[in-house]
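Below: the structure, in structure tokens.
Because the structure is predicted, anything quoted here is derived from the model rather than measured.
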Amino acid sequence: NQAKGIVWLKVHAQGVTAHGAYPWRGQNALALLTAAWQRIAETFPVSSTETWATTVNLARIETSNVAFNKVPDDAHMWLDVRCTPADAATVIARIRDCVGDTCRIEVLADEPALDVPATHPDIIRLQAAVQAVRGMPALLHAAMGSSDARHFTRVGCAGVEFGPVGGGIGSDEEWTSVAGLADYTAILRHFLGAVR
């Protein structure tokens with residue numbers, strides 16, 4: 001019933017080129033960028049364990065500079081931000097604060113987080129359907145990644161991630177249990193019968 005939102009950012013730093021022997025004559029764009037990254041990393045520290053918190057992954061740093069003896073005057077980093085529903089409305093502004101006026105942020109994606117209350121009538125009906133078919137409670141979880149249900153969230157429709165027994169999601173070893181598909185079908189029939 002919860003999943004993180006997706007924010008993809010490119011952060012651009014513009015410096016002043018100079019000969020590498022005279023770095024004080026320029027302004028190193030990579031230095032500007034890495035200082036901004038340090039502030040972001042301090043604001044959104046990586047936990048040593050799985051934690052329900054907003055994360056920022058530094059996916060790439062690049063510059064057009066290809067010479068040892070040049071102060072690079074441009075640099076860019078790609079950030080993959082996975083934000084909790086509580087942080088979704090403010091995460092871009094918080095990163096802008098970290099970057100300050102030394103860099104420019106380009107927002108490439110801003111996908112909503114999923115946050116459907118446990119008390120939502122359809123969640124309660126779905127849990128009852130699981131209990132009726134499987135004889136066990138349906139537990140609610142928060143997904144560390146994003147969810148395709150975010151597309152429903154965007155238009156004000158509640159959604160959850162729910163499916164048959166399986167594993168290896170997104171890998172070459174992904175699988176689904178045939179018996180689990182039968183249970184899944186029965187659960188959906190029970191659920192749809194309850195919402196008539």
### Message
Looking at Arg39, I want to see if its CZ is surrounded by more than 12 non-hydrogen atoms of other residues, nucleotides or ligands under 6.0 Å.
### Response
yes
### Task
State plainly whether one hydrophobic cluster holds both Ile124 and Val116, where clusters connect Ile, Leu, Val, Met, Phe, Trp and Tyr through side-chain heavy atoms under 4.5 angstrom apart.
no
### Query
If you measure from CG on Asn1 to OG on Ser147, what distance do you get to the nearest 0.5 Å?
10.5 Å
#### Entry: Side chain Asp110, main chain Val7, donor-acceptor under 3.5 Å
no
### Task
Could you give me the CA-CA distance, side-chain angles and deciding distance for Ile105 and Val107, then say whether side chain to side chain contact (heavy atoms under 4.5 Å, CB included) is met?
CA-CA 6 Å; Ile105 290 180; Val107 179; 4.3 Å; yes
### Message
For Met144 and Glu50: C-alpha separation, side-chain torsions, deciding distance, then whether side chain to side chain contact (heavy atoms under 4.5 Å, CB included) applies.
### Response
CA-CA 8 Å; Met144 292 297 158; Glu50 187 173 296; 3.4 Å; yes
### Query
Phe44, Ile6: one ILVMFWY side-chain cluster at the under-4.5 Å cut-off?
no
### Query
When you look at Met77 and Ile40, which way does the side chain to side chain contact (heavy atoms under 4.5 Å, CB included) test go after all the steps?
CA-CA 12 Å; Met77 68 179 160; Ile40 293 167; 4.0 Å; yes
### Task
For residues Ala29 and Asp73, report the shortest heavy-atom separation together with the two atoms involved.
CB-C, 3.5 Å
### Query
In terms of hydrophobic clustering (I, L, V, M, F, W, Y; side-chain heavy atoms under 4.5 Å; direct or indirect links), are Leu32 and Ile61 co-clustered?
no
### Task
Check whether any side-chain N or O of Arg154 sits under 3.5 Å from a backbone N or O of His151 as a donor-acceptor pair, and report yes or no.
no
### Summary
Smallest heavy-atom separation, Pro85 atom then Gln2 atom, equals CG-NE2, 4.3 Å
### Query
Tell me, do Pro72 and Thr17 make a side-chain contact under 4.5 Å, heavy atoms counted?
no
### Query
Counting heavy atoms not belonging to Arg189, are there more than 12 under 6.0 Å from its CZ?
no
### Residue pair Glu106, Val11: steps toward the side chain to side chain contact (heavy atoms under 4.5 Å, CB included) verdict
CA-CA 6 Å; Glu106 178 184 359; Val11 181; over 6 Å; no
#### Entry: Validation row: Gln127, Pro137 side chains within 4.5 angstrom (heavy atoms)
no
### Query
What distance separates Ser146 OG from Arg82 CZ, expressed to the nearest 0.5 Å?
5.0 Å
### Task
Please say which of Val16, Asn65, Asn28 ends up in a side chain to side chain contact (heavy atoms under 4.5 Å, CB included) with Val71.
Asn28
### Query
Does some side-chain heavy atom of His19 sit less than 4.5 Å from a side-chain heavy atom of Asn69?
yes
### Query
Is the side chain of Thr153 donor-acceptor paired with the backbone N or O of Leu114 at a distance under 3.5 Å, no angle test?
no
## Note on the structure
Between His120 and Ala158 the two heavy atoms that sit nearest each other are NE2-CB, 3.6 Å
### Task
Return the minimal non-hydrogen interatomic distance between Phe191 and Ala129, and the atom names on each side.
N-CB, 3.8 Å
Pair up each side-chain donor or acceptor in residues 89-102 with any protein partner under 3.5 Å, not counting sequence neighbours, and list the distances.
unit_1 : atom_1 : unit_2 : atom_2 : d
Thr90  : OG1    : Asp87  : O      : 3.4
Thr102 : OG1    : Val99  : O      : 3.0

### Query
Any chance CZ of Phe152 has more than 12 other-residue heavy atoms, nucleotides or ligands included, within less than 6.0 Å?
no
### Message
Is there a continuous path of hydrophobic side-chain contacts, each under 4.5 Å between heavy atoms, that joins Val195 to Leu126?
### Response
yes
#### Entry: Pairwise distance CG(Leu188) to NE2(His190) - rounded to 0.5 angstrom
12.0 Å
#### Entry: Over 12 non-hydrogen atoms of neighbours within 6.0 angstrom of CD in Glu174
yes
#### Entry: Pairwise side-chain contact, Val56 with Asp80, heavy-atom cut-off 4.5 Å (strictly under)
no
### Query
Any donor and acceptor pair, going by atom type alone, linking the side chain of Thr51 with main-chain N or O of Ala53 inside 3.5 Å?
no
### Mutual orientation of the aromatic rings belonging to His12 and His76 [parallel < 30°, tilted 30-60°, perpendicular > 60°]
perpendicular
### Message
Less than 4.5 Å apart, side chain to side chain, heavy atoms only: is that true for Ile123 and Val160?
### Response
yes
### Query
Within the distance-only criterion (no hydrogens, no angle test), does the side chain of Asp74 pair as donor or acceptor with the backbone N or O of Ser64 below 3.5 angstrom?
yes
### Message
Ignoring hydrogens, what is the shortest heavy-atom contact between Ala88 and Cys83? Give both atom names and the distance.
### Response
CA-SG, 3.8 Å
### Query
Looking at Glu161 and Ala3, what are the two nearest heavy atoms and their distance?
OE2-CB, 4.3 Å
### Task
Spell out, yes or no, whether Trp8 and Leu79 are grouped together once hydrophobic residues are joined by side-chain heavy atoms under 4.5 Å, including indirect joins.
no
### Message
Nearest 0.5 Å, please: how far is CG in Leu33 from CD in Glu62?
### Response
9.5 Å
